[in-house]
Number of protein chains: 2
Amino acid sequence: MLSERSKRVLYAVVQSYINSPDPVGSRVVTKRYSFGLSPATIRHIMADLEELGFLTQPHTSAGRVPTVMGYRFYVDSLLTETGHHANMEILHGLYRKLESLKNDIDLLLSETTKNLSILSHYLGIALSPLPDLTTLIRVNLLKYRADKVAAVLFTDEGLIKNKVISLEADITQKDLNRIEAYLNAEFSGQTFDEIRLKVIREMSREKMRCDTLISKAMKICREAITSFPRSELFVAGLSEVIGLPDFADLRKIRELSRAIEDKHTIIKLLDKLTVSEGVQIIIGSENTTDEMRELSIVASSCKEGDKPIGVVGIIGPMRMNYARAMYIVDNTAKFISRMLAGK
Amino acid sequence: MLSERSKRVLYAVVQSYINSPDPVGSRVVTKRYSFGLSPATIRHIMADLEELGFLTQPHTSAGRVPTVMGYRFYVDSLLTETGHHANMEILHGLYRKLESLKNDIDLLLSETTKNLSILSHYLGIALSPLPDLTTLIRVNLLKYRADKVAAVLFTDEGLIKNKVISLEADITQKDLNRIEAYLNAEFSGQTFDEIRLKVIREMSREKMRCDTLISKAMKICREAITSFPRSELFVAGLSEVIGLPDFADLRKIRELSRAIEDKHTIIKLLDKLTVSEGVQIIIGSENTTDEMRELSIVASSCKEGDKPIGVVGIIGPMRMNYARAMYIVDNTAKFISRMLAGK
DNA sequence: TTTAGCACTCTCAATGGTTAAGTGCTAATA
DNA sequence: TATTAGCACTTAACCATTGAGAGTGCTAAA
């Protein structure tokens, strides 16, 4: 439907615009990219591309700028290309430093976002896995002061969380040990989601039987699990983004920083990407979220074996260096996956 | 040295400028504040105040704006005033919601920063206490996978931290229990600082004796303690600050967000305030830090009894509503102190 | 099908004039 | 002597105008 020549022109326009934020006119296309055609011809082609929805002009006498469709075309043709062998030794240098954080996923992800933002000059983001899908390996209950218990939850992701639980009544460590054994027997190996359900069911039944030990166990379990932090979002590099010509407007920065503070919006977006394979790209209004309609996301999920372990990515302007971003995100995700696989 | 009349004028100028960001001229002073003097006289006084360094003009034909000295005068006279009884029921409403977080200081502080920024429309900040001064209550070591140990550290601040430690050799839970008992006997009740020192001394001695159990214990202890997170900084409300007329300039926002990302700068500043009593105010370049030379800090430390538990505060422009900020920070600090005291 | 030529449109930067605010100074006043 | 009125001066901010420059679409010729 699109002639080979039109494609080449479109590609050139997008690339030129990504390189510098000036609307690109017919002249620069002929000059910088050797088509062997005059500006007039290019104009014709560009007019066609505009009619088809790939380009727009900010105003009548300006050059053209890609639309979401235009970026999408560009990105899709990037995806079919064979891997970019840009030389980024820095990347490996940076990630080598992270090896020592293997044991602390939160810290690992938070450092990773910093790396992402340093490398890309955009916003680095990372989402730790949804607790629903992580499975519990073991619980340990430790008495802490008279009426408080620290529950230590071990999960299959190397993630360990603790939570202090207040009890009305005093409790002995011995009782705790029995509760602990019971909880482990009952719930270990199951996902948090399953456990949540079971606890709710059990609790409604327990009311009748009134077996204090088990009901206490359930109470502790519920406290520990319901308060288990939702999947956590790490963000870094806002200062990189401020200063980009695309964010010259204060309002845009404000919107972005609000989105970062909300976290909710971004988490929902990334959540969808947890399961998908490879680098995912969402361009501008492809995003249904309103705050994101002028931003693009390049993200990839990390896996430990088959299990999704989190999402890492970059948020930047639509006019993003997609090739570079994809390269960075892809390698980062692979690096983390490999590291967590223990290799 | 400053006549009573001059003081009143200076106070009026600062207050007027805080209320709206226009340089204040002699006319508005006479109009809004009833001095019973003509603009000409006020001009004389303001010229004197400028010569003394309390005021400046942005340009020849503009009104006057307070200097750091001017703000300092204003704030100092605020401090001598009796408490402001502004009615802020919202404040108490907000903080009631935090009661449930008593058991998780990190979460508590992070929510507090949000409250601070909502209430003040400036940047809310909170610093968790320096680990050097917190004392260890107990250690528990839990085996986790074959060659990994989870160390759970209980401190006197309700703060519980865990840390996964990788060992070269396999170890049984039984050995762990003995190590645990040893560590508790040796170190419980001491500050992290003291423990750090002891461990270092012990380790150099251990090399000779080569008692594997103790040397293992020391290794674990060092790992667990040295990696104990430094005092953590929580920040919220950047989007509140963007949009303030004082931050119309993109560069300022960029500087601020860089300072937030660094954390280091702000931590160092707040650290000094940990020990001091009551609300502390640092205005603009009173700050030796360069990034902060156009910002003011209003902060107060929280105490549990005598023990400093952290610092909460607000960062905003020099042209800050100090009275309000002081009120908010003071009450927040007191609220948290009270809550942690168990009342 | 491509291209040269041309009139048209629009932004951007510079210009200049006007207004309004606020000052400092001087001289008169209480 | 302290205060005030009056006045000339300075400056930023606003507005309209202008011209340059860039890029377009259209038409007609190659």
Side-chain angles (χ1 to χ4, degrees), chain A residues 2-10 12-17 19-67 70 245-246 248-249, chain B residues 1-10 12-17 19-67 70 245-246 248-249 319:
Chain A
L2 220 55
S3 77
E4 196 53 42
R5 196 174 64 176
S6 302
K7 283 184 187 171
R8 279 186 58 213
V9 171
L10 178 50
V13 171
V14 180
Q15 192 140 65
S16 166
Y17 187 62
N19 280 335
S20 77
D22 311 310
V24 11
S26 51
R27 287 206 41 178
V28 299
V29 174
T30 56
K31 266 207 161 171
R32 270 246 261 281
Y33 307 81
S34 43
F35 278 95
L37 290 173
S38 78
T41 314
I42 300 292
R43 273 206 289 283
H44 275 132
I45 301 171
M46 286 168 80
D48 292 346
L49 287 170
E50 177 162 10
E51 212 168 342
L52 290 170
F54 291 105
L55 300 175
T56 26
Q57 331 184 45
H59 55 86
T60 338
S61 82
R64 256 91 173 190
V65 159
T67 62
D246 314 77
D249 193 358
Chain B
M1 152 214 191
L2 219 53
S3 78
E4 196 54 44
R5 196 176 63 174
S6 302
K7 282 185 188 172
R8 278 186 58 213
V9 172
L10 176 51
V13 171
V14 180
Q15 193 139 64
S16 165
Y17 187 63
N19 279 335
S20 77
D22 311 309
V24 11
S26 51
R27 286 205 44 176
V28 300
V29 175
T30 56
K31 266 206 160 171
R32 270 246 261 282
Y33 307 81
S34 44
F35 279 95
L37 290 172
S38 79
T41 315
I42 299 293
R43 273 206 288 284
H44 274 132
I45 301 171
M46 285 167 79
D48 291 347
L49 287 170
E50 177 162 8
E51 212 167 343
L52 291 169
F54 291 104
L55 300 175
T56 26
Q57 329 186 45
H59 55 87
T60 337
S61 82
R64 256 91 173 191
V65 159
T67 61
D246 314 77
D249 193 357
R319 189 188 71 81

Just by protein heavy atoms under 4.0 Å, how would nucleotides 24-30 of chain D read 5' to 3' in B, S and -?
BB-----
All N/O donor-acceptor pairs, side-chain side in residues 41-54 of chain A, below 3.5 Å, sequence neighbours left out:
| residue | atom | partner | partner atom | Å |
| --- | --- | --- | --- | --- |
| A:T41 | OG1 | A:S38 | OG | 3.4 |
| A:R43 | NH1 | A:S26 | OG | 3.3 |
| A:E50 | OE1 | A:Q57 | NE2 | 3.4 |
| A:E50 | OE1 | A:R64 | NE | 3.0 |
| A:E50 | OE1 | A:R64 | NH2 | 2.8 |

Residue pairs, two or more places apart or on separate chains, that pass salt bridge (charged side-chain N to carboxylate O under 4.0 Å, His left out) and touch residues 19-40 of chain B
none
Distance check, rounded to the nearest 0.5 Å: A:T67 atom OG1 versus A:L55 atom CG?
6.5 Å
When the nearest nucleotide of DNA chain D is assigned to B:P39 and to B:H59 on a heavy-atom basis, which residue is associated with the more 5' position?
B:P39
Quick one: pull up CG in B:D246 and CZ in B:R319 and give me the separation to the nearest 0.5 Å.
4.0 Å
Output the rounded distance in Å from CG (A:D22) to C1' (C:dC12).
13 Å
Whole-Å gap separating P (C:dT1) and CD1 (A:I42)
16 Å
Report the distance from atom CD of B:E4 to atom OG of B:S6, rounding to the nearest 0.5 Å.
9.0 Å
Rounded off to whole Å, could you give me the CG-to-P distance for the A:L55 and D:dG23 pair?
15 Å
Taking atom OH of B:Y33 and atom CZ of B:R8, what is their separation to the nearest 0.5 Å?
11.5 Å
Distance test, side-chain N/O of B:S38 to OP1/OP2 of D:dT3, below 4.0 Å:
no
